[in-house]
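Just so it is clear: chains get the letters A, B, ... in the order the sequence lines come, proteins before strands, and each one is counted from 1.
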Protein chains: 2
Amino acid sequence: MELTERKKKVLRSVVDLYIRTAEPVGSKAITELPDMKYSSATIRNEMAELTTMGYLEQPHTSAGRIPSAAGYRLYVDELMLDYRLSMDETKSISSAIEEKMQRVDKMMEKVAKLVSQATDLPAISVASRHGNAAVKRFDLIQAGENSVILVVMLSNDEVVNKLIKLPVNVSEADIKILSALLNATMAEIPLEEYTPELLDRVMRSAGAAAALVPVIVDFTTETLRRQGTANMAVAGQMRLLGQPEYRDVDKAQRLLTSLDEEALSNLPAVMQNANGTKVLVGPENVASELKDTSVVMTKFDIGDGMQGMIGVVGPTRMDYAKVTARLSCFAESLSKMFAKPEQQQLPAPDKEA
Amino acid sequence: MELTERKKKVLRSVVDLYIRTAEPVGSKAITELPDMKYSSATIRNEMAELTTMGYLEQPHTSAGRIPSAAGYRLYVDELMLDYRLSMDETKSISSAIEEKMQRVDKMMEKVAKLVSQATDLPAISVASRHGNAAVKRFDLIQAGENSVILVVMLSNDEVVNKLIKLPVNVSEADIKILSALLNATMAEIPLEEYTPELLDRVMRSAGAAAALVPVIVDFTTETLRRQGTANMAVAGQMRLLGQPEYRDVDKAQRLLTSLDEEALSNLPAVMQNANGTKVLVGPENVASELKDTSVVMTKFDIGDGMQGMIGVVGPTRMDYAKVTARLSCFAESLSKMFAKPEQQQLPAPDKEA
DNA sequence: CTTTAGCACTCGTTTCACCTGAGTGCTAAG
DNA sequence: CTTAGCACTCAGGTGAAACGAGTGCTAAAG
């Protein structure tokens, strides 16, 4: 059977309407659309054929039609009209990002929150590093009586620190020596090369400050290990409850609890090769919890060997056009933000004293 | 009217049962309890009196009774039998805490998650500092080409850092000078004394490294300001959906969205003077969103001028005995953890990019 | 050959009356 | 003071009937 232009138009209308109303769409509703110059009977015939073609479904004989998974697929791939963000929307998204990004360690959380807010759906945001992190340099600062601050700068220019309190006093000179030793032996090498032998050697060469070594090594190892793992945040879960398909509390709860968990951790994998924005409709999802849920995701660049992803989860009946548009806008703003590293550091033409 | 022992016993039974079943409790159900040697008629009389005394309510004439707010109040204050945590429970709580507390900057989140898990209710966890924070010392580390790492140690021994990239090169000597200058002028004073005049003076004395000053000041100011504000986390919101009183999605959503927000930010205030565990029953809550919700909270000590609070939110019909027991156990474990003078636990590593 | 008006039919939803049963308050006897 | 008994109340469940949105099919019109 042929998928004529008119069929496409009807299908698009059905999906659009269903997205708006969350209720089966009847032939009459379609005819009332502007630009639909056919009678309900004609539409009915078209809808019947779209049904046999598998793009629409009928919950029961005397109800309207709803899009099938295949219908949604076709819709997002070919039919849906681009949603044009208004200037206002674009502005408010990018300014929201700029504004909220002071603290990078809570960044993913903030991003997720913002995305969720903009789409009115639960959102996830993931930052993962590819490539191996290493320590670029160690610094030790004597900080009062018997405290030392360890400052570790990583290969991606991230800096972490730890205050170490000592049981005994260590002289400034000892610390200088240890610092040099650390930089000579443990910097610029990947985590795998932190072998017991190496550590043993460092320990023995450390002299007076040897007590510090285990703490330093532990902290460094832990930090590097953490660098490898993805950093993910979920926000706005309860927005799901606003969706009529989740009036059923049990259903909502099932999905919501799985949103917290690992179910999502393989989503980034899907994005690995794909570019731009990707839409997973219902059953296309691998995770069984998401079987009747759609996911829209976009990648963005962070640089420094990191890659980010933002996405939202919602009912298969979601406003794909709007959501993809908003996500893309976010991704763009984020990429832009990370592309200009200077901006962030340089003196902002001061706000207040 | 006298509140006899028997009345108390009946009231306790009603609350206990209602907590278990979430349904109005009838006189017959009470008589079926072991240890209740009266007929249903007697119980009915007692219940009638408890109703006129305001401890019980009747949803409608032909239904059983449910506890009123006053009833709950009396229950938690006098009637409820202590819930004894099994050894297993205690152990699993404290070991969960020990295990999860490596990263202190995400601590509140983890605590909230653990508490929520243990009580099967949404949980909040807040850490707030009282007393004014100040900078104990500044350090600047030259880190390669034109980067400088700023390390700031606060009066409570927390250490934060920031990588600053410069447009121009600054010599090691300049940095030394600036560092000394900062320590001389801006350390050991509260945030309020960061007046425009002071900053102006620093700026002028800074010489070659003057470009750095605004960045440093901004960062420091922001950090100190953040020290003053409470740090709060919410977890397990969706557990609320498991409670029968929130089968109504709208109701659930209303509460859940308010859980995210500031509604809770005045909860810590309630704890300010109180000690031990505090229970707020329904209308006793100030925030209107929580009017038919109960909150159970406990303080714990962090030391270093910080104070923590954990709490859960749930339907007025919640298992107060169990919840308070669990919360207390948590609080104790946490206090113990922070009291430990071991160096591993003390410092608060903070990471910034 | 396509479109449309008309019509009988389907089937989920709503409405309403009725019944049921848990629970009550009261009274009178133990 | 306690309890058995009884009439009464009322939320919730059940089922029949009416409703109406939407369909598929047919036959006439374009």
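A salt bridge does not link Arg65(B) to Glu57(B): none of the charged side-chain nitrogens sits closer than 4.0 Å to a carboxylate oxygen.
Checked against ring-ring contact (aromatic ring centres under 6.0 Å, His included), Tyr246(B) has no partners two or more places apart in sequence or in another chain. Remark: Lys322(B) pairs with no residue by the side chain to side chain donor-acceptor pair (under 3.5 Å) rule, at least two apart or across chains. Thr4(A) pairs by the side chain to side chain donor-acceptor pair (under 3.5 Å) definition with nothing, not counting sequence neighbours. In this view, Phe330(A) satisfies the ring-ring contact (aromatic ring centres under 6.0 Å, His included) rule with no residue, not counting sequence neighbours. In this structure, the side chain to side chain donor-acceptor pair (under 3.5 Å) partners of Ser328(B), at least two apart in sequence or on a different chain, are Thr277(B). Applying the side chain to side chain donor-acceptor pair (under 3.5 Å) criterion to Gln58(A), with sequence neighbours excluded, gives no partner residue. Shown here are the salt bridge (charged side-chain N to carboxylate O under 4.0 Å, His left out) partners of Asp120(B), two or more places apart in sequence or in another chain: Arg239(B).
Heavy atoms only, all atoms of each residue included: Gly236(A) and Ser116(A) are closest at CA-OG, 3.4 Å.
The ring-ring contact (aromatic ring centres under 6.0 Å, His included) pairs that include a residue from residues 30-74 of chain B are Tyr72(B)-Tyr320(B), where partners are two or more places apart or lie in different chains.
In the 5' to 3' direction, nucleotides of DNA chain D lying under 4.0 Å from heavy atoms of chain B begin and end at dT2(D) to dA11(D).
Interatomic distance, CG of Leu255(A) versus CD of Gln243(A), reported as 11.0 Å (0.5 Å rounding).
In this structure, the OH atom of Tyr18(B) is 16 Å from the C1' atom of dG23(C), given to the nearest Å.
Sorted by residue number, the list of members of residues 20-35 of chain A with any non-hydrogen atom under 4.0 Å from DNA chain C is empty. DNA chain C lies under 4.0 Å from at least one heavy atom of each of the following residues of residues 38-46 of chain A: Tyr38(A), Ser39(A), Ala41(A), Thr42(A), Arg44(A), Asn45(A). Contacts between residues 52-72 of chain A and DNA chain C, defined by a heavy-atom separation under 4.0 Å, are made by His60(A), Thr61(A), Ser62(A).
At least one side-chain heavy atom of Leu280(A) sits under 4.5 Å from a side-chain heavy atom of Met297(A).
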